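The block underneath contains the structure these notes are about, expressed in structure tokens.
The analysis underlying the following values was restricted to heavy atoms, covering all of them including side chains, and did not include hydrogens, waters or symmetry mates. These numbers were taken from a predicted model, which means no experiment stands behind them.
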Amino acid sequence: MTAIIRQLIAWYKFINEDLADPRTKDYFMISSPWPGLTLIGLYLYFICSFGPRFMKKRQPFKLNRILQIYNVIQILLNGLLFYITFAEGLLKEFNYICEPIDFSYTLKAIKITKLVWFYFLIKMLDLMDTIFFVLRKKQKQITFLHLYHHVGILIGAWCATKYLPSGHTNFLGILNTVVHVIMYTYYLLSSMKINTNAWKKYITQLQLIQFFIITLHDLQLFWLKDCDFPLWPMYIMVPQNLFMMILFGDFYYKTYIKKKSVKKAVLTKTEINGISSEVTTEKQKEQ
């Protein structure tokens with residue numbers, strides 16, 4: 001038993017310390033996985049258990065003003081992250097075919113690690129989306145896709161900051177910030193009671209396009225030679241992005257294609273019944 005415990009400790013030290021990037025070990029929430037796992041545990045407990053029980057006999061909270069402030073903060077933070085990346089010339093210098101990892105302590109390399117960490121902090125803030133759903137008693141909005149996406153991207157951002165805070169996978173964060181600026185602009189307009197129904201399906205389409213582009217970008221590494229970026233993250237990220245495409249695609253089909261077909265069928269049936277009623281009425285008049 002003692003040998004097993006020692007082996008587990010050795011494995012934990014290897015994964016948490018030896019494999020980790022030493023430049024980010026002192027960043028907030030990064031030195032150990034336990035704060036992040038605790039946060040995720042509390043988040044899931046609130047969403048799946050405590051929150052619904054707390055709201056069961058209460059009226060939904062009206063959070064319009066809070067939601068507006070939150071959405072503005074999200075737009076500014078994601079916009080700021082993209083702007084810094086652009087202003088510092090990192091977008092221009094980024095190799096979209098093969099971006100190697102820079103483990104140096106140069107000013108540019110350290111700046112990139114901090115931007116990746118900043119992205120992780122934004123993903124922590126994203127968890128508030130679900131908390132607002134619970135407080136507004138919008139439980140139908142809390143789907144498996146919603147929870148999986150929020151928890152999965154938070155874990156992915158933590159791992160990126162911990163182990164690979166530069167290189168090829170940073171493309172995901174760059175693209176995702178742009179998507180989130182558009183997405184939270186939509187949420188802001190919606191919280192201001194502005195009719196944004198026409199936007200809904202395009203937001204989902206945008207997310208599907210995002211995952212498709214990221215998947216293609218990651219797949220490049222399987223055909224490239226001498227790219228100074230480890231291949232093992234791609235064995236995780238490619239299936240993950242394909243799974244997200246399946247989940248979002250299923251949501252899109254059920255929400256915008258299947259429902260539209262059902263609605264059209266109902267309308268057609270109503271029209272047929274209406275015509276039938278008119279014919280029956282005319283016959284009764286003739287009689």
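In this structure a side-chain-to-backbone donor-acceptor pair under 3.5 Å is present from Ser191 to Leu188. The backbone N or O of Asn197 sits less than 3.5 Å from a side-chain atom of Asn195, completing a donor-acceptor pair. A distance-only check finds no donor-acceptor pair linking the side chain of Lys162 to the backbone of Ala157 [under 3.5 Å]. Judged purely by atom type and a 3.5 angstrom limit, Ser166 uses its side chain to pair as donor or acceptor with the backbone of Asp102. No donor-acceptor pair under 3.5 Å is formed between the side chain of His168 and the backbone N or O of Asp228. The backbone N or O of Gln74 sits less than 3.5 Å from a side-chain atom of Asn78, completing a donor-acceptor pair. The closest donor-acceptor contact from the side chain of Asp250 to the backbone of Ile246 lies at 3.5 Å or more, if one exists at all.
Taking the side chain as every heavy atom from C-beta outward, Leu224 and Leu221 approach each other to under 4.5 Å. The shortest side-chain heavy-atom distance between Ile73 and Tyr184 does not fall under the 4.5 Å cut-off. Counting heavy atoms from C-beta outward, Lys193 and Asn64 have side chains that approach closer than 4.5 Å. Considering only heavy atoms from C-beta on, Phe171 stays 4.5 Å or farther from Asn95 through its side chain.
Residues Arg23 and Ala109 approach most closely at NH1-CB, 3.6 Å, considering heavy atoms. Summarising the geometry of Tyr186 relative to Lys200, their closest heavy-atom pair is OH-CG, 2.9 Å, with the distance given to 0.1 Å. Shown here for Pro33 and Asn16, the closest heavy-atom pair between the two residues is CD-OD1, 3.3 Å. When all heavy atoms are compared, the tightest approach of Leu164 to Asn170 is O-OD1, 4.4 Å. The heavy-atom pair separating Thr24 from Pro165 by the smallest distance is CG2-CG, 3.9 Å. Here the closest non-hydrogen pair linking Ser190 and Thr196 is CB-OG1, 3.7 Å.
Looking at Asp21 and Lys25, no side-chain N of the basic residue comes within less than 4.0 Å of a carboxylate O on the acidic one, giving no salt bridge. Under 4.0 Å is where a charged nitrogen must lie from a carboxylate oxygen, and between Asp18 and Lys13 at least one such pair does.
Between Phe248 and Phe212, the ring centre distance reaches or exceeds 6.0 Å. You'll find the ring centres of Tyr83 and Phe86 outside the 6.0 Å limit. The ring of Phe94 has its center closer than 6.0 angstrom to the ring center of Tyr96. You'll find the ring centres of Tyr148 and Phe243 inside the 6.0 Å limit.
Taking hydrophobic clusters as Ile, Leu, Val, Met, Phe, Trp and Tyr residues chained together by side-chain heavy-atom distances below 4.5 Å, Leu127 shares a cluster with Tyr45.
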- Query: Is there a side chain to side chain donor-acceptor pair (under 3.5 Å) between Asp218 and Tyr235 once you walk through the steps?
  - Reply: CA-CA 9 Å; Asp218 291 342; Tyr235 287 102; over 6 Å; no

- Message: Assess the residue pair His146 and Thr130 against the criterion (side chain to side chain donor-acceptor pair (under 3.5 Å)); give the C-alpha distance rounded to whole Å, side-chain angles, the decisive distance to 0.1 Å, and a yes or no.
- Response: CA-CA 8 Å; His146 180 90; Thr130 328; 2.7 Å; yes

- Task: Evaluate side chain to side chain donor-acceptor pair (under 3.5 Å) for Thr113 paired with Tyr27, printing each intermediate quantity in order.
- Result: CA-CA 10 Å; Thr113 66; Tyr27 290 4; 3.0 Å; yes

- Walk me through it: do Trp158 and Lys123 pass the test side chain to side chain contact (heavy atoms under 4.5 Å, CB included)? CA-CA 9 Å; Trp158 184 87; Lys123 296 304 108 181; over 6 Å; no

- Message: One pair to check against side chain to side chain contact (heavy atoms under 4.5 Å, CB included): Thr38 and Tyr43. What are the steps and the verdict?
- Response: CA-CA 8 Å; Thr38 301; Tyr43 165 75; over 6 Å; no

- Any chance you could lay out the side chain to side chain contact (heavy atoms under 4.5 Å, CB included) test for Leu206 and Gln210, step after step, and finish with the verdict? CA-CA 6 Å; Leu206 181 64; Gln210 170 192 215; 5.8 Å; no

- May I have the step-by-step check of side chain to side chain contact (heavy atoms under 4.5 Å, CB included) for Ile174 and Val178, ending in yes or no? CA-CA 7 Å; Ile174 296 169; Val178 177; 5.6 Å; no

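Shown here is Lys137, whose NZ atom has more than 12 heavy atoms of other residues, nucleotides or ligands within 6.0 Å. Atom CZ of Arg6 has 12 or fewer neighbouring heavy atoms from other residues, nucleotides or ligands inside a 6.0 Å radius.
Ring geometry for Trp34 against Tyr12 counts as parallel: the plane angle stays under 30°, on a 0 to 90° scale with 60° as the upper cut. By the 30° and 60° cut-offs, the orientation of the rings of Trp11 relative to Phe14 is perpendicular. Classified by interplanar angle (parallel below 30°, tilted 30° to 60°, perpendicular above 60°), the ring pair Phe50/Phe46 is tilted.
Atom CD1 of Ile122 and atom CD1 of Ile153 lie 10.5 Å apart (nearest 0.5 Å). Rounding to the nearest 0.5 Å gives a distance of 14.0 Å between OH of Tyr202 and CG of Leu208. Taking CD1 of Ile155 as the reference point, atom CD1 of Ile40 lies at 4.0 Å (rounded to 0.5 Å). The distance from the CD1 atom of Ile257 to the NZ atom of Lys201 is 9.0 Å, given to the nearest 0.5 Å. Within the model, atoms CE of Met128 and NE2 of His150 stand 11.0 Å from one another, a figure rounded to the nearest 0.5 Å. Note that the CE atom of Met234 and the OG1 atom of Thr169 stand 6.0 Å from one another [nearest 0.5 Å].
A side chain to side chain contact (heavy atoms under 4.5 Å, CB included) with His180 holds for exactly one of Asp126, Ile75, Thr185; it is Asp126.
With Phe54 as the aromatic partner, Arg58 meets the cation-pi criteria of under 6.0 angstrom to the ring centre and within 45 degrees of the ring axis.
Between the side chains of Tyr70 and Asp129, at least one donor-acceptor pair of N or O atoms lies under 3.5 Å.
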